Engineer: 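Got a structure for you, written out below as structure tokens; questions coming shortly.
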Amino acid sequence: MPRLMRFLGRLAIALAVAGVFTVFVAWVWGLIGGGDLSLHGWIAMSIGIAGTVWLAWLLMDLAFRSDREGWDDRVDNSLDPGRDQDD
């Protein structure tokens, strides 16, 4: 159960960040003279920002998981053309 609670907590944080950035981008859009956003504009921008937050979260999770589990240490770089043969 703690794992589910941790996931839900992180999901709530990600959605809150996406919500804050959606409001911020809409405010900046109004400042530069972009006009009011329609309902469809708000939905599209919310989905785009939430998707970007989710993708960043996923990629950072993969990077940290790779470091923790040692995936980078198991890579064979002996055939890399830019690598010195002495290494």
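In this text, all values refer to a predicted model and were calculated from it rather than measured experimentally.
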Engineer: Taking side-chain hydrogen bond (donor to acceptor under 3.5 Å, both in side chains) as the test, write out the residues that go with Ser66, two or more places apart.
Structural biologist: Asp72
Engineer: Rounded to the nearest 0.5 Å, how far does CG of Leu11 lie from CG of Leu4?
Structural biologist: 10.5 Å
Engineer: Could you tabulate the donor-acceptor pairs under 3.5 Å formed by side-chain atoms of residues 45-60, not counting sequence neighbours?
Structural biologist:
residue	atom	partner	partner atom	Å
Ser46	OG	Trp42	O	2.8
Thr52	OG1	Gly48	O	2.8

Engineer: Would you list the pairs meeting salt bridge (charged side-chain N to carboxylate O under 4.0 Å, His left out) in which at least one residue belongs to residues 46-65, sequence neighbours left out?
Structural biologist: Asp61-Arg65
Engineer: Same hydrophobic cluster for Ile32 and Val25, using side-chain heavy-atom links shorter than 4.5 Å among ILVMFWY?
Structural biologist: yes
Engineer: In terms of relative ring orientation, are Phe24 and Phe21 parallel, tilted or perpendicular, with 30° and 60° separating the classes?
Structural biologist: perpendicular
Engineer: Could you give the distance from CD1 (Ile13) to CG (Leu8), rounded to the nearest 0.5 Å?
Structural biologist: 11.5 Å
